[in-house]
Protein chains: 2
Amino acid sequence: MTTATRYRRTDVVDRAIVLLGAVGLDGLSMRRLASDLGVQPSALYHHFAGKQELLGAVADEILARGRRPNELVSWQAELGLVCVELRDIMLEHRDGAALVSMVRALGAGAEEPIRRMAGALAFAGADAELARVGAHTLFHFVFGHVADEQAHRAAAVASGGVAPAGTDFAVGLGLILDGLGARLVS
Amino acid sequence: MTTATRYRRTDVVDRAIVLLGAVGLDGLSMRRLASDLGVQPSALYHHFAGKQELLGAVADEILARGRRPNELVSWQAELGLVCVELRDIMLEHRDGAALVSMVRALGAGAEEPIRRMAGALAFAGADAELARVGAHTLFHFVFGHVADEQAHRAAAVASGGVAPAGTDFAVGLGLILDGLGARLVS
DNA sequence: ACCTGAACACCGTTCAAGT
DNA sequence: ACCTGAACACCGTTCAAGT
């Protein structure tokens, strides 16, 4: 045929993120992405073993883009900052939280933000178990909450209503941080 | 053709739950379910507006089956019991937590267990906001945790390894209950 | 009320072959 | 290394029509 457009793995991931914003998680199919790139569907399988691996790479890239330099303050502020940052990244991407939740439910991905939170907890004096459990608990809270938020927002848009305010996030976050605090002083 | 097998909505949901156990969430398609029932795919659309509504009904039915009578004890024990009960139901159904998470991420369902937890918190003296936020926080923890657990279990089965123990669930649960406790005494 | 039959517009994935 | 072309085995959903 005409020109043989050639891509690398990261090009495909970048384009997938743009496409996600345009058509949502439902519309993000291998065939749609391929035709968006001007390429045959089978070409994608040179870069990824399957759709699951592609979605995992997209989720990890979205999460990595949100990295900000850490200020050295209290561990509560540090952890709170990481969680708020994660929430903000998800809210910036259509179906962002649903994507990450789906990828995790399928068995992989999103290890990096969990490691960051576990690291902050270990630095604050938590033992290995508390650091691990605390990081996972915070992660589940953040992504569960934001997935709900985005779903309700989408439903509100569809029905013409308004979405509730986001103060619940701060309250739930404080709840978990307090529980962690009670264990860190002992 | 031959006999005209006729079903009601609940028959279809029941059969879908059995099929879920046999083929997993990936394999649970409208066409597969229809052929399992000995019926044309289009017949399902008489009972449900679409696949999303069918999955929502399946999730709610699974959650409803786990109801147990409540003992009157402390609110910590009461809430802990509800959460452990929810975890047990999910672990009994293949891809149970992934199903509920997916249904919620798509915007509906699973309201009943959240109402139960909010009710227990209100009974313990929480105001409306704390009851709502606390119930959601517990819900996100339970389903996020169990979704991870089932995914890792499936991965371990596939690779021949062993899954880690389930003590993290109790630790994370205690964390959140402690955070709630700090707000209930004030 | 519940189902059939047939169609429409898609999917994910594989594989031999090309450059 | 990266892509084409063509195929296989499926999807969800709609709609007129039957009983």
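Below, chain A is the first sequence line, B the second, and so on; all start at residue 1.
If you take atom P in dA9(C) and the same atom in dA9(D), they sit 23 Å apart, rounded to whole Å. Rounded to the nearest Å, the gap between the C1' atom of dA7(D) and that of dC11(C) is 14 Å.
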What does the list of N/O pairs under 3.5 Å between the protein and nucleotides 13-19 of chain D look like, with a distance for each?
| from | atom 1 | to | atom 2 | distance (Å) |
| --- | --- | --- | --- | --- |
| dT13(D) | OP2 | Tyr45(B) | OH | 2.8 |
| dT13(D) | OP2 | Lys51(B) | N | 2.9 |
| dT13(D) | O5' | Tyr45(B) | OH | 3.4 |

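Pairs passing the side-chain hydrogen bond (donor to acceptor under 3.5 Å, both in side chains) check and including a residue from residues 86-110 of chain A, sequence neighbours excluded, read Arg87(A)-Glu149(A), Arg104(A)-Asp148(B). For residues 27-41 of chain B, every residue pair satisfying the side-chain hydrogen bond (donor to acceptor under 3.5 Å, both in side chains) rule, not counting sequence neighbours, is listed here: Arg15(B)-Asp36(B).
The separation between Leu28(B) atom CG and dC10(D) atom P is 16 Å, rounded to whole Å. If you take NE2 of His47(B) and P of dA1(C), they are 12 Å apart, rounded to a whole angstrom. Whole-Å rounding puts the Leu54(B) CG to dG12(D) C1' distance at 12 Å. Following rounding to the nearest Å, Phe48(B) (CZ) and dC2(C) (C1') show an atom-to-atom distance of 13 Å. The nearest whole Å value for the distance from the CG atom in Leu37(B) to the P atom in dC2(C) is 14 Å. Distance CZ (Arg32(B)) to P (dA9(D)): 16 Å, rounded to an integer number of Å. Remark: P of dC3(C) and CZ of Arg8(B) are 11 Å apart, rounded to the nearest angstrom.
For DNA chain C, if you chain together Watson-Crick or G-U pairs that step i with j, i+1 with j-1 and so on, the runs of at least three with distances under 3.5 Å are C:4-8 with D:12-16, C:12-16 with D:4-8.
Between the side chain of Gln76(B) and the backbone N or O of Gly181(B) there is no donor-acceptor pair closer than 3.5 Å. Here the side chain of Tyr7(B) pairs no donor or acceptor atom with the backbone of Val39(B) at under 3.5 angstrom. Side-chain atoms of Gln150(A) come within 3.5 Å of backbone atoms of Ala97(A) as a donor-acceptor pair (strictly under, hydrogens ignored). For Glu61(A) (side chain) and Thr10(A) (main-chain N/O), no donor-acceptor pair under 3.5 Å exists by modelled atom type.
For Ala57(A), the side chain to side chain contact (heavy atoms under 4.5 Å, CB included) partners at least two apart in sequence or on another chain are Arg9(A), Val13(A), Phe48(A). By the salt bridge (charged side-chain N to carboxylate O under 4.0 Å, His left out) test, Asp178(A) is found to be paired with Arg183(B), residues two or more places apart in sequence or in another chain being considered. Contacts of Ala77(A) classified as side chain to side chain contact (heavy atoms under 4.5 Å, CB included), with partners at least two apart in sequence or in another chain: Val73(A), Ser74(A). Phe141(B) pairs by the ring pair (Phe, Tyr, Trp, His ring centres under 6.0 Å) definition with His145(B), Phe169(B), not counting sequence neighbours. Remark: Glu129(B) pairs with Thr167(A), Asp168(A), Val171(A), Asp127(B), Arg132(B), Val133(B) by the side chain to side chain contact (heavy atoms under 4.5 Å, CB included) rule, at least two apart or across chains. Shown here are the side chain to side chain contact (heavy atoms under 4.5 Å, CB included) partners of Ala154(B), two or more places apart in sequence or in another chain: there are none.
Scanning residues 99-107 of chain A for heavy-atom distances under 4.0 Å to DNA chain D yields an empty list. Taking every heavy atom of residues 9-23 of chain B and every atom of DNA chain C, no pair lies under 4.0 Å.
Rounded to the nearest 0.5 angstrom, Leu121(A) CG and Met117(A) CE are separated by 8.5 Å.
Under the 4.5 Å side-chain criterion, counting only non-hydrogen atoms from C-beta, Met90(A) is in contact with Ile62(A).
Applying the 4.0 Å criterion to OP1 and OP2 of dC3(D), one finds that Gln40(A) has every side-chain N and O outside that range.
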